[in-house]
Amino acid sequence: MEAWEKNVRKVVPYTPGEQPNRPGMVKLNTNENPYPPAPGVAEALRAIGADSLRRYPDPSAGALVRALAEHYGVGEDQVFVGVGSDDVLAMSFLTFFQGGKPILFPDITYSFYDVWADLYRIPYECQPLDADFRIRAEDYRKSCGGIVIPNPNAPTGIALGLEELERIIAGNPDVIVIIDEAYVDFGARSVLPLLPKYGNLLVVRTFSKSRSLAGMRIGYAFGSQKLIKYLNDAKYSFNSYTMSAAALAAGTAALEDDAYFQETLQKVIRTRERVKGELRRLGFAFTDSRSNFIFATHPGCPARDLFEALKEADIYVRYFDKPRIDSYLRITVGTDGEMDRLIRFLEQYIGEKL
Ligand SMILES: *Cc1c(COP(=O)(O)O)cnc(C)c1O
């Protein structure tokens, strides 16, 4: 080790899903939306024009903040935006978890939470999901430095009810409770209606999944005015111009087309439920996913072998080599055509194995 290395902030980084890009492949490994963003997005991007890019974008991201406030019925001073919800979450960890006491999140969850905690030297304590992979609200009734709950949870897809979430939020008035709603649009209930009641609630969302804009990097959060002010203070101390001109235009345009949004959601949900039926027929078991992925296991096929075999066939899904979930695959819901290819492969694979 070199002498200067003792002054380095060391961290074990998050491992994102593979991003291969080959013609003909079926990519079901990072929960992207299989449908394009709203048609207005392409128009809005064309309208920007390269010449305007010599200017800095609006540091307050005013157009996008206004559009979000209007769309979701909150004040403009209750909206924070960032470069994907990863940026919003990282900024929230930095801003709100300074207490010294451990923050709480589930043991099986989005694997970025512990990475941010390590990066910022925030102590944390994981609360185990129960045997059915459910979050137990009562595990979050203890002295702590903050709470992070994804709803629906990832990679299980299981959603908590509003009453249970409210018990967690109301039971911890002295710390910030972050509800990560990355997948909420696919069939869970949002805690957004609780916002006026709880000044300690931060609701984090993204355009990456339900609005088909993973490549544009747009995330946002709703919270009390005070909470959003603190987030913006931290943001302006870190990077004022987080949202590019393209992101501002694309995000605003995506929000304008609610009919397209609803239609796309319904397509994904319909495909998800149809594929669950097919998987059941093939002997798979899976959780009650309210997201755009299915978390499935097969009693006769080790998940790792199946993951590798799928990859050979150019079908990418996600496998987590972690205790308790290493017999599961997380399969993003693609188009009907993509899912049919997956099912045909599984029929053959399982037919040969069993
Ligand atoms: C995908 C995801 C995010 C981050 O998405 P961004 O693309 O950064 O907006 C955050 N939380 C969970 C649980 C996710 O699955």
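Both ligands and their constituent atoms are indexed starting at 1 by order of listing. Along the sequence shown, the residues carry numbers beginning at 1. Note: hydrogens, waters and symmetry copies are ignored here, and every other heavy atom, side chains too, is used.
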Please confirm whether Tyr183 approaches ligand 1 to less than 4.0 Å, judged on its heavy atoms. yes
Looking at Tyr328 versus Phe320, is the centre-to-centre ring distance below 6.0 Å? no
For the backbone of Asp326 and the side chain of Tyr319, can you confirm whether one donor and one acceptor N or O come within less than 3.5 Å of each other? yes
among protein heavy atoms, the one nearest atom 13 (C) of ligand 1 is Asp180 OD2, 3.4 Å
For atom CD of Glu273, is the number of surrounding heavy atoms from other residues, nucleotides or ligands below 6.0 Å larger than 12? yes
Side-chain donor-acceptor pair under 3.5 Å between Arg205 and Tyr183, yes or no? no
Could you work out, with side chain to side chain contact (heavy atoms under 4.5 Å, CB included) as the rule, every residue matching Glu138, not counting sequence neighbours? Arg136, Arg167
Contacting atoms of ligand 1, where contact means under 4.0 angstrom from a heavy atom of Arg217: 6 (P), 7 (O), 8 (O)
Proximity to ligand 1 by part of Ala182, non-hydrogen separation under 4.0 Å: side chain
One finds that the ligand 1 atoms under 4.0 Å from a non-hydrogen atom of Lys209 are 1 (C), 2 (C), 3 (C), 4 (C), 5 (O), 14 (C), 15 (O)
Using heavy atoms and a 4.0 Å limit, tell me yes or no: is Asn31 in contact with ligand 1? no
Gly84: numbered ligand 1 atoms lying under 4.0 Å from its heavy atoms: 8 (O), 9 (O)
Answer yes or no: does an N/O atom from Ser208 fall short of 3.5 Å to an N/O atom of ligand 1? yes
Please work out whether the ring planes of Tyr56 and Tyr241 are parallel, tilted or perpendicular, with thresholds of 30° and 60°. parallel
Give the residue, atom name and distance (to 0.1 Å) of the protein heavy atom nearest atom 5 (O) of ligand 1. Ser85 OG, 3.2 Å
Among side-chain atoms of Lys209 and Thr206, is any donor-acceptor pair under 3.5 angstrom? no
